[in-house]
Amino acid sequence: MTDNTPQVAVRLTTSPLEQFRARLAGGELAYQVDEDGRALFYPRVAAPAGYRGELRWATSAGLGTVYATTVISPKGEPAYNVALIDMDEGFRLMSRVESIPAEQVRIGLRVRVRIHPAEGDEGPHPVFDPMEAA
């Protein structure tokens, strides 16, 4: 037996990415949670396999721990780091740690988010600063 119930498409007025960027522009690091309260990041329209229900937005307190890091040294330019940050709310994101030399960023370093404002073609994005001197 088939279900002849008409399917209703829900049209988003703004994409999850646009909503995320708008929250960044407002100084907040937003993430999504499922109906069980489990954190999800990168913004998405629907919960992936293993997560339940409709996603809602939450705001991070902005505290996390460096999970992994690497230093990139372009020829003729200052070195910078790329780091995976485990946020206290339970999601992980890729960013960089600033305010200290790239070589001083270590796994386990406690960090606090800072929203880097939009510049040119680059939108606002989260970066991190150490909570204590490295």
Are [Y] and [X] connected into the same hydrophobic cluster when the rule is that any two of I, L, V, M, F, W, Y join if their side-chain heavy atoms are below 4.5 Å apart?
X	Y	result
L24	Y42	yes
L40	V113	no
I72	V66	no
M87	L55	no
V71	Y80	no

Mind listing the closest non-hydrogen atom pair of [X] and [Y] along with its distance?
X	Y	answer
Y31	T59	CE2-C, 3.7 Å
P48	R44	CG-NH1, 3.6 Å
G53	A47	O-CB, 3.6 Å
S73	A79	OG-CB, 3.7 Å
V97	P130	CG1-CD, 4.0 Å
V33	A58	CG1-CB, 4.5 Å

R110: what forms a salt bridge (charged side-chain N to carboxylate O under 4.0 Å, His left out) with it, not counting sequence neighbours?
->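 Scan of R110 (salt bridge (charged side-chain N to carboxylate O under 4.0 Å, His left out), adjacent residues dropped) gives D88.
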Side chain to side chain contact (heavy atoms under 4.5 Å, CB included) between V111 and D129, intermediate numbers included = CA-CA 5 Å; V111 292; D129 293 311; over 6 Å; no
Has R96 got its NZ or CZ under 6.0 Å from the middle of the six-membered ring of F128, at an angle within 45 degrees of the ring axis?
-> no
Taking 4.0 angstrom as the limit, do R114 and E98 come out as a salt bridge?
-> yes
From [X] atom [atom1] to [Y] atom [atom2], the distance as rounded to the nearest 0.5 Å:
X	Y	atom1	atom2	result
S60	L93	OG	CG	8.5 Å
R38	F91	CZ	CZ	15.5 Å
I107	T65	CD1	OG1	11.5 Å

Between [X] (side chain only) and [Y] (backbone N and O only), is there a donor and an acceptor less than 3.5 Å apart?
X	Y	answer
S95	P126	yes
E18	S15	yes
R56	E54	no
Q19	T14	yes

Intermediate values then yes/no, salt bridge (charged side-chain N to carboxylate O under 4.0 Å, His left out), R52 and D36 | CA-CA 7 Å; R52 294 178 0 118; D36 294 327; 2.9 Å; yes
If we ignore angles and hydrogens, is there a donor and acceptor under 3.5 Å between the side chains of T69 and R106?
-> no
Could you go step by step and tell me if L63 and M131 meet the side chain to side chain contact (heavy atoms under 4.5 Å, CB included) rule?
-> CA-CA 9 Å; L63 303 177; M131 291 182 65; 3.8 Å; yes
Does any non-hydrogen side-chain atom of V82 lie less than 4.5 Å from one of M94?
-> yes
Working for side chain to side chain contact (heavy atoms under 4.5 Å, CB included), residues E28 and I115 = CA-CA 8 Å; E28 296 180 348; I115 308 303; over 6 Å; no
Describe, in one word, how the ring planes of F41 and F20 are oriented to each other, choosing from parallel (under 30°), tilted (30 to 60°) and perpendicular (over 60°).
-> perpendicular
